[in-house]
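Position 1 is the first residue of the sequence; numbering continues from there. Just so you know, ligand 1 is whichever comes first in the structure, and atom 1 is the first atom listed for that ligand.
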Amino acid sequence: MTIIEEEYHQKALAFDQNDSLASFKNQFFESDEIYLDGNSLGKLPKLTIEVTSNLIQNQWKNGLIRSWNEHWIDLPNKVAAKIAKLVGARPDEIFVGDNTSINFYKLAFATLSLNPSKTKIITDSLNFPSDLYVLQGLLAQQFQNHSLKIIKSADEISISEEAIEQELDENTAFITLSHVVFKSAFMYNMRKINDLAHQKNAFVIWDLSHSAGAVAVNLNESNADMAVGCTYKYMNGGPGAPAFLYVRKDLQEKLQNPIWAWFSHQKPFEFDLNYEAKNNIQRFSTGTPSILSLAATEAGIDLINEAGIENLREKSKLQSSFLVELIQNFLLPIGFTIASPLDVNQRGSHISIQHQEGYRINRAMIEPLEGAISIIPDFRPPKNIRLGIAPLYNTFLELYETVLRIKQIVEEKEFERFEEEKLGVT
Ligand SMILES: *Cc1c(COP(=O)(O)O)cnc(C)c1O
């Protein structure tokens, strides 16, 4: 170890020692790898195994249909209330179910239908492509006279509020943005964007997939209209876990779910032949909730609420700043660049780094030669290695070890063992 390496090693150990959230990592299964992909698929909480096996062994196997009344029918509202706490909303403003793309479709459709004379939608080139596809589909199929303005980011890292303000006009139906963007982790000032939009009588639909569970979101305090988000990233809900949707209370009755289905009906079990929408947040339901995967989300959400989102955000800020410092010291000199905002208040909880050999370095991190530790980041084209920090279970020491391991891969050209060709899921 060089002197500077030893210095950072000691710093990492000291940070971990002073970390009041350190014990939360014991609530997750240990592994002998470093997992930096909690922003894509969170780890499995130990309690989730108990909850889901009880559901299968008792509620499903023995209780069968009776379990609907005993355990299941209220589960969506119970989980919604826990998510509400985490994102600063009222319990009756959150629907949980379906996936993020479907929920986004519902809100985009509803907003465009509310005032069809407003024909402009504003988004940006940093947004998650699925959201853009949903909008493109709506414009092709239903709202052919509408237009979609995609504001380009000059540096592919951030976009200024002024750039959004310039596009906004009275013809704007809504702005839709990822609160924390998936590649660079740039974070918008939610309150400011909401205020700008409201001045022009436009709405904002936020995508919280990369913020919920990692940054302190307060939808009510920031005057948010609508939002969607997923629960399988920082919230540790499991693969394909149900997503959530938020609609401000006073807007709910004005917005219509484009999918008229029985769970959004006033009285689904009267089997009336005519549709009548519920007049609460459940009007955004569709069909039967996915009970197994919904139940699997609870333990992960409880852990976030128990740790406290403000505390998690503080830790995440310390961790991402420590990581940036490590990258500046050890990786910039060997050909890396940082593709995330350097101001900690303008970013979420992951750091993207770029290198000409990004994809192959990412492979070498995951599949090391014998003796080295495996590290799981993810890769986003063209050359981003994303290092996701989940403050609930990642340690400072892991960040230190990651950076030194990346340095070793590059210096010893370990990445040359891999092909350029990409695997199916990156
Ligand atoms: C992960 C993610 C999604 C996921 O969408 P699904 O439809 O639930 O698969 C949506 N938006 C953003 C910004 C994401 O990061």
Side-chain angles (χ1 to χ4, degrees), residues 36-43 76 79-80 83 87 94-109 121-138 150-151 153 156-159 174-188 190 193 204-215 217 219 224 226-246 258-259 284 286 289-290 293-294 296-297 300-301 340 347-352 377-381 384 386-390 424-426:
L36 295 180
D37 211 6
N39 56 327
S40 231
L41 177 69
K43 276 182 131 180
V79 175
I83 295 174
V87 295
I94 299 283
F95 158 77
V96 55
D98 298 326
N99 59 42
T100 315
S101 304
I102 293 176
N103 286 330
F104 180 63
Y105 177 87
K106 293 176 206 166
L107 293 183
F109 185 104
I121 304 168
I122 299 173
T123 185
D124 70 17
S125 63
L126 303 174
N127 204 350
F128 195 63
S130 191
D131 295 22
L132 303 185
Y133 306 154
V134 166
L135 296 173
Q136 288 162 15
L138 278 169
I150 303 177
I151 300 173
S153 164
E156 286 298 307
I157 293 177
S158 64
I159 295 211
F174 65 86
I175 305 174
T176 184
L177 301 166
S178 289
H179 177 226
V180 171
V181 309
F182 80 109
K183 273 192 199 172
S184 73
F186 168 67
M187 181 168 72
Y188 277 103
M190 186 182 279
I193 301 287
V204 185
I205 307 177
W206 290 102
D207 190 329
L208 304 178
S209 296
H210 268 85
S211 11
V215 302
V217 174
L219 291 168
M226 286 165 268
V228 294
C230 74
T231 61
Y232 54 77
K233 291 171 179 159
Y234 293 105
M235 285 156 79
N236 310 302
F244 65 91
L245 166 159
Y246 156 87
I259 305 164
F284 296 98
T286 54
S290 309
S293 48
L294 187 58
T297 63
I301 298 169
S340 293
R347 66 176 183 241
S349 198
H350 67 274
I351 299 291
S352 277
D378 66 17
F379 179 79
R380 290 292 174 266
N384 291 288
R386 288 194 311 180
L387 306 170
I389 301 168
V425 175
T426 57

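Distance check, rounded to the nearest 0.5 Å: NZ of K183 to CG of L126 gives 9.0 Å. Rounding to the nearest 0.5 Å gives a distance of 12.0 Å between CE of M226 and CG of L219. S352 OG to F182 CZ: the interatomic distance, rounded to the nearest 0.5 Å, is 9.5 Å. Residue L387 holds its CG atom at 9.0 Å from CG of D378, rounded to the nearest 0.5 Å. Atom CZ in F109 sits 9.5 Å away from atom CD1 in I259 (nearest 0.5 Å).
For ligand 1, the polar-atom distance check against S178 finds no nitrogen or oxygen pair separated by under 3.5 Å. Residue-to-ligand polar distances keep S130 apart from ligand 1: every N/O pair is separated by 3.5 Å or more.
Looking only at protein heavy atoms, the nearest one to atom 14 (C) of ligand 1 is K233 NZ, 2.7 Å. The nearest heavy-atom contact from the protein to atom 8 (O) of ligand 1 is T100 OG1, 2.8 Å. Looking only at heavy atoms of the protein, atom 9 (O) of ligand 1 is closest to Y232 OH, 3.2 Å. Nearest protein heavy-atom neighbour of atom 7 (O) of ligand 1: S101 OG, 2.6 Å.
Counting only N and O atoms by type, the side chains of T297 and T231 include no donor and acceptor under 3.5 Å apart. Between the side chains of T286 and D98, a donor-acceptor pair is found at a separation under 3.5 Å.
Of all the heavy atoms of W206, none lies under 4.0 Å from any atom of ligand 1, so neither backbone nor side chain is involved.
Short contacts between ligand 1 and H210, defined as distances under 4.0 Å to a heavy atom of the residue, involve ligand atoms 15 (O). Those atoms of ligand 1 with a heavy atom of S209 less than 4.0 angstrom away are 2 (C), 3 (C), 10 (C), 11 (N), 12 (C), 13 (C), 14 (C), 15 (O). For ligand 1, the atoms sitting less than 4.0 Å from at least one non-hydrogen atom of D207 are 10 (C), 11 (N), 12 (C), 13 (C), numbered in the order shown with element in parentheses.
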_Let's go through H210 and S178 carefully: what are the C-alpha distance in whole Å and the side-chain angles of both, what is the deciding distance for side chain to side chain contact (heavy atoms under 4.5 Å, CB included) to 0.1 Å, and is it a yes or a no?_
CA-CA 8 Å; H210 268 85; S178 289; over 6 Å; no

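Within the 4.0 Å heavy-atom shell around ligand 1 one does not find F104.
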